[in-house]
Amino acid sequence: MNPFVFQARIPRVVFGAGCLQQLEREVDLLGARRALVLSTPEQRISAQMIADRLGTRCAGIFDRAVMHVPIETARAAREKAARVGADCAVAIGGGSTTGLGKAIALESTLPILAIPTTYAGSEMTPIWGITEAGVKKTGRDPRVLPQSVMYDANLTLGLPVGLSVTSGINAIAHAAEGLYAQDANPIHSLLAEEGIGALAAGLPKVVASPGDADARSQCLYGAWLCGAVLGSVGMSLHHKLCHTLGGTFNLPHAETHTIVLPHALAYNAPAATTAMARIAAALGVSNAAQGVFDLASRLGAPTALKDIGMPSDGLDRAAELATTNAYGNPRPLDRGAIRQLLQDAWEGKRPA
Ligand code: NAD
């Protein structure tokens, strides 16, 4: 058995369809009296529903969360939190809203109660990201890890089917890379396998019946586990590629993960055979890279970078950036081979 170091800091989790009923208790447990509710403009109605539940314990709503946390938005949210005397942030939404809560916590240590409504997994990680002058900076800081997380599948029933699929595969990507991480360990590998299996089983049911609360719960359960892996072990080539493509070419987050993952797995397969076998087994297929590609195609997700706005003349630059300051990776990074990987992902080829 390989030697390992295990360490975990996972927030308190309240899980179950309808668990939002326990919101007031969770706010009480934080010792908070004046919650600032965060959301995107699109989820303002959900934020208002939280505010109504909290009544006098709600200090206000800030509904301007957007992808990649622009510094101007972070500053405006921090100012509002200070102005209304908030003593906790309740973030209802996906990774963009949780990310805004983290940007506030980074400077104020305001505790975060996260109510995730996608499968991105940010609520389980101490990773923050803020974009300034078009450049996204990220870092790890224990202060930004939410203190409490409520997973209520009823809040995900309206997550559009397309985003459900790509967000679910985004979560699978965290677990897949966790299985071949340099600091992989037996506990997080078990979480990763279980998380991939839950999403691979749940996503087709969500596509068939988006209002199926059991299928939604199964996906949210998978997202929780995959997020816990992301928060605890290091990520590799796949996350570096997606970070580069998202940051430099402004590609949509979950779709980019969905398209790139099969190709990153195919690249790493010769150097991570045990991890690939575990990913394939969790997916119920014989080849991990092809299994992810087939899952995405079967569920109607995009499979080609050219279809989500990636310019073909950006591929050289992307290959260069992805191999500069690279994250640890099981297979050494070869610029030419990464350029070919990006070409295949751009064209939407099924991995060989
Ligand atoms: P998102 O939060 O940007 O949400 C996408 C859209 O879907 C938004 O308009 C949102 O309001 C809407 N939406 C979310 N849940 C909904 C629901 N249940 N019903 C209807 N609409 C809903 O998307 P995301 O993929 O969750 O997050 C992406 C962002 O999160 C990126 O910026 C990414 O870098 C970041 N992220 C960070 C981490 C981390 O650990 N720090 C992890 C994963 C993602």
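Atoms within a ligand are numbered from 1 in the order they appear, just like the ligands themselves. Only a predicted model underlies this, so the values are computations on that prediction, with no experimental measurement involved.
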Taking atom types as modelled, is there a side-chain donor on Tyr180 or Asn268 under 3.5 Å from an acceptor on the other? yes
Tell me the nearest of His257, His253, His174, Gln43 to atom 14 (C) of ligand 1, using heavy-atom distances. Gln43
Does the side chain of Asp52 come under 3.5 Å of the side chain of Gln48 through a donor N or O and an acceptor N or O? yes
Atoms in ligand 1 with a heavy atom of Lys136 nearer than 4.0 Å: 32 (O), 34 (O)
Protein heavy atom at shortest distance from atom 4 (O) of ligand 1: Thr118 CG2, 4.4 Å
Here the atoms of ligand 1 under 4.0 Å from any heavy atom belonging to Leu155 are 18 (N)
For ligand 1, is there an atom lying under 4.0 Å from some heavy atom of Gly158? yes
With the threshold set at 4.0 Å, does a side-chain nitrogen-carboxylate oxygen contact exist between Arg33 and Asp87? no
Between Val144, Val69, Thr166, Leu163, flag the one that comes closest to atom 6 (C) of ligand 1 by a heavy atom. Leu163
Contact with ligand 1 for Met124, non-hydrogen, under 4.0 angstrom: no
Using the rule side chain to side chain contact (heavy atoms under 4.5 Å, CB included), only one of Lys137, Met67, His68 pairs with Thr131; which is it? His68
Sequence neighbours left out, what passes ring pair (Phe, Tyr, Trp, His ring centres under 6.0 Å) with His239? Give chain and number order. His174, His257
Which protein non-hydrogen atom lies closest to atom 9 (O) of ligand 1, naming both residue and atom, and how far is it? Glu42 OE1, 3.2 Å
Closest protein heavy atom (residue, atom, distance) for atom 41 (N) of ligand 1: Ile127 O, 2.9 Å
Of the choices Ala65, Gly95, Pro160, which has the non-hydrogen atom that lies closest to atom 27 (O) of ligand 1? Gly95
Would you call Arg335 and Glu320 a salt bridge, taking side-chain N to carboxylate O under 4.0 Å as the test? no
Residue Gly94 vicinity, atoms of ligand 1 by number, heavy atom under 4.0 Å: 2 (O), 26 (O)
Examine Thr117 against ligand 1 and note whether any of their N/O atoms are separated by less than 3.5 Å. yes
Which of the numbered atoms in ligand 1 are below 4.0 angstrom from a heavy atom of Thr40? 10 (C), 11 (O)
To the nearest 0.5 Å, atom OG of Ser217 lies from atom CG of Asn154 at 7.5 Å
Side chains of Arg216 and Ser164, donor plus acceptor under 3.5 Å: yes
Carboxylate-amine/guanidinium proximity below 4.0 Å for Arg350 and Asp294: yes
If you take the nearest heavy atom of each of Ser167, Gly93, Ser122, Gly99, which one is closest to atom 42 (C) of ligand 1? Ser122
Looking at ligand 1, does Lys102 have a heavy atom less than 4.0 Å from it? yes
Under 30°, 30 to 60°, or over 60°: which ring-plane class applies to Phe15 and Tyr151, parallel, tilted or perpendicular? tilted
Below the 3.5 angstrom mark, is there an N/O of Thr97, backbone or side chain, next to an N/O of ligand 1? no
Nearest protein heavy-atom contact for atom 1 (P) of ligand 1: which residue, which atom, what distance? Ser96 OG, 3.4 Å
Restricting to ring pair (Phe, Tyr, Trp, His ring centres under 6.0 Å), what partner residues turn up for Phe6, sequence neighbours left out? His188
For Leu230, take its heavy atoms, then give the atoms of ligand 1 lying under 4.0 Å from any of them. 40 (O), 42 (C)
Using a 4.5 Å cut-off on heavy atoms from C-beta on, say whether the side chain of Asp212 contacts that of Val206. no
Within ligand 1, which atoms have a heavy atom of Met67 less than 4.0 Å away? 3 (O), 28 (C), 29 (C), 31 (C), 32 (O)
Do Thr125 and Lys102 have a side chain donor and acceptor closer than 3.5 Å? yes
Relative to ligand 1, is His68 under 4.0 angstrom through side chain, backbone, both or neither, heavy atoms considered? both
Atoms in ligand 1 flagged as close to Thr125, the criterion being non-hydrogen separation under 4.0 Å: 39 (C), 40 (O), 41 (N)
Which residue holds the protein heavy atom closest to atom 43 (C) of ligand 1, what is that atom called, and what is the gap in Å? Ala120 O, 3.3 Å
